[in-house]
Amino acid sequence: MKAERYRIEPGTEVDLSSWDPADHAMAPDGKEAARKTIKQLNRRLTELQELMYAQGKHKVLMVLQAMDTGGKDGAIRKVFRGVNPQGVKVTGFKKPTGLELAHDYLWRVHAHTPARGEIAVFNRSHYEDVLVVRVHDLVPPEVWSRRYEHINAFEKLLADEGTTILKFYLHISKQDQKERLQARIDEPDKNWKFAKGDLAERALWDNYMEAFEAVLSRTSTDHSPWFIVPANAKWYRDLVILEVLVETLEHLQMRYPEPEEGLQDIIID
Ligand code: AMP
Ligand code: MG
């Protein structure tokens with residue numbers, strides 16, 4: 001796989017400072033050439049998703065995590081451009097409601113996992129329960145520290161029952177976040193995306209990096225791998241995600257279902 005270099009081998013200790021958020025290794029011919037590839041991959045994704053929906057056999061779960069402004073929304077918009085919305089279910093996970101908090105943290109997640117024929121996209125996910133929750137001490141360390149194991153077991157269950165899982169950490173630099181947050185303040189159309197609380201989160205950048213490193217080091221498995229996506233350049237982010245997604249779907253070797261017998265003899269009058 002072309003994007004193999006971004007896949008985290010199980011058991012790797014990830015040090016995010018050694019991953020370049022501006023890496024362009026997969027696009028040696030530059031941005032314009034990459035844009036063509038992105039278009040082709042997007043078209044192929046559209047075909048593969050149609051096939052997946054028609055066959056109604058495979059389930060794909062795509063998890064997106066990132067710091068604020070990391071580009072989760074943009075990636076969803078661009079990667080799935082033109083793809084039939086009927087077969088793609090996007091779920092955004094916000095601060096849990098009272099009802100959700102009254103259950104275990106995976107309760108709200110399981111309901112949104114993909115059915116046969118579907119691609120489910122998680123904009124944030126159960127990983128928030130070892131990211132924001134860990135960074136803000138929303139539960140004690142003995143509680144969040146057990147969750148990596150739960151999460152691995154949960155994802156193993158999904159994989160055993162036929163779900164293909166792909167997880168993407170969109171990696172941006174602290175400087176890029178600064179520029180993107182400033183743009184949300186300066187551009188009136190983007191004001192809605194900005195909350196003053198985002199600044200308090202930014203101040204915890206190093207704590208978040210530590211929490212992400214734990215996630216990437218402990219929950220990348222063969223059946224549910226993490227990819228660290230260099231995301232300073234939006235086009236490169238989209239290219240990497242599309243490469244992984246399309247290649248993974250190609251590997252499923254999907255076929256249209258067998259037509260009913262005798263179709264060739266039917267003439268509609
Ligand atoms: P946004 O993605 O900008 O709409 O923000 C969603 C917010 O919900 C983020 O600040 C997340 O950190 C927060 N959030 C998501 N899941 C959880 C969770 N399990 N516990 C606490 N906060 C969460
Ligand atoms: Mg936000």
Side-chain angles (χ1 to χ4, degrees), residues 1-10 12 23 25-27 34 37-66 71-72 74-91 109 112-123 125-127 151-152 154-171 215-216 219-231 235-257:
M1 183 193 280
K2 280 198 200 128
E4 194 60 41
R5 55 161 55 79
Y6 303 122
R7 179 203 287 266
I8 306 304
E9 272 304 303
T12 310
D23 178 46
M26 237 174 58
T37 312
I38 289 170
K39 240 187 179 161
Q40 286 161 357
L41 287 166
N42 170 264
R43 254 185 242 129
R44 184 63 188 142
L45 175 63
T46 302
E47 292 166 1
L48 287 162
Q49 186 269 340
E50 160 121 5
L51 188 53
M52 192 175 151
Y53 190 74
Q55 193 183 20
K57 178 178 171 189
H58 296 283
K59 317 161 193 172
V60 172
L61 172 60
M62 176 172 159
V63 171
L64 288 169
Q65 288 286 165
K72 302 186 300 301
I76 294 168
R77 204 169 56 239
K78 303 260 183 57
V79 166
F80 291 100
R81 177 173 287 170
V83 177
N84 184 351
Q86 280 213 98
V88 182
K89 301 260 155 77
V90 182
T91 308
V109 175
H112 296 286
T113 56
R116 284 186 228 286
E118 281 179 6
I119 299 176
V121 181
F122 284 2
N123 184 341
S125 66
H126 43 298
Y127 284 97
I151 289 172
N152 286 337
F154 172 61
E155 293 177 358
K156 177 79 164 54
L157 157 78
L158 298 178
D160 283 351
E161 294 286 322
T163 304
T164 301
I165 309 172
L166 298 168
K167 300 181 292 197
F168 299 94
Y169 164 63
L170 310 184
H171 188 36
V215 161
L216 296 164
T219 62
S220 197
T221 59
D222 288 329
H223 55 269
S224 183
W226 275 105
F227 294 83
I228 297 181
V229 180
W235 59 271
Y236 194 75
R237 166 200 78 199
D238 301 336
L239 176 69
V240 173
I241 296 173
L242 275 164
E243 287 279 4
V244 173
L245 200 51
V246 167
E247 189 139 342
T248 304
L249 292 178
E250 298 280 11
H251 264 99
L252 296 177
Q253 312 235 325
M254 296 181 283
R255 298 273 174 274
Y256 281 106

Evaluate side chain to side chain contact (heavy atoms under 4.5 Å, CB included) for Met26 paired with Tyr236, printing each intermediate quantity in order. CA-CA 8 Å; Met26 237 174 58; Tyr236 194 75; 2.9 Å; yes

Decide yes or no on side chain to side chain contact (heavy atoms under 4.5 Å, CB included) for Arg5 and Arg7, but give the supporting numbers first. CA-CA 6 Å; Arg5 55 161 55 79; Arg7 179 203 287 266; over 6 Å; no

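Looking at Asn42, its side chain does come within 3.5 Å of a backbone N or O of Val79 through a donor-acceptor pair. Within the 3.5 Å criterion, the main-chain N or O of Tyr127 finds a donor-acceptor partner in the side chain of Ser125.
Distance OG1/Thr164 to CE/Met52: 7.5 Å, rounded to 0.5 Å. The CG atom of Leu252 lies 9.5 Å from the CG atom of Leu51; values are rounded to the nearest 0.5 Å. Annotation: the span from Lys72 atom NZ to Arg77 atom CZ amounts to 12.5 Å, rounded to 0.5 Å. Distance check: Leu41 CG to Leu48 CG gives 10.0 Å after rounding to the nearest 0.5 Å. Residue Asn84 holds its CG atom at 10.5 Å from CD1 of Ile119, rounded to the nearest 0.5 Å. With rounding to the nearest 0.5 angstrom, the CD atom of Glu243 is 9.5 Å from the CD1 atom of Ile38.
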Using distance only, find each side-chain donor-acceptor pair of residues 222-230 under 3.5 Å and give its atom names and separation, not counting sequence neighbours.
unit_1: His223; atom_1: NE2; unit_2: Thr221; atom_2: OG1; d: 3.3
unit_1: Ser224; atom_1: OG; unit_2: Glu155; atom_2: OE1; d: 2.7
unit_1: Ser224; atom_1: OG; unit_2: Lys167; atom_2: NZ; d: 3.1
unit_1: Trp226; atom_1: NE1; unit_2: Thr219; atom_2: OG1; d: 2.9

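The shortest heavy-atom contact between His126 and Ile151 is CD2-CG2, 3.7 Å. Nearest heavy-atom pair across Ala120 and Thr113 is CB-C, 4.3 Å. The minimum heavy-atom distance between Leu170 and Ala66, with the atom names listed, is O-CB, 3.6 Å. Contact record, Phe168 with Met62: CE1-CG, 3.8 Å, taken as the closest heavy-atom pair.
Side-chain contact between Val121 and Phe80: present, with at least one pair of heavy atoms (C-beta onward) separated by less than 4.5 Å.
Put simply, the residue from Leu242, Ile241, Val88 that forms a side chain to side chain contact (heavy atoms under 4.5 Å, CB included) with Leu45 is Leu242.
Note on ring orientation: taking the six-membered ring where Trp is involved, the planes of His171 and Tyr169 are tilted (angle from 30° to 60°).
With sequence neighbours excluded, no residue forms a side chain to side chain donor-acceptor pair (under 3.5 Å) with Lys39.
For residues 46-62, every residue pair satisfying the side-chain hydrogen bond (donor to acceptor under 3.5 Å, both in side chains) rule, not counting sequence neighbours, is listed here: Arg44-Glu47.
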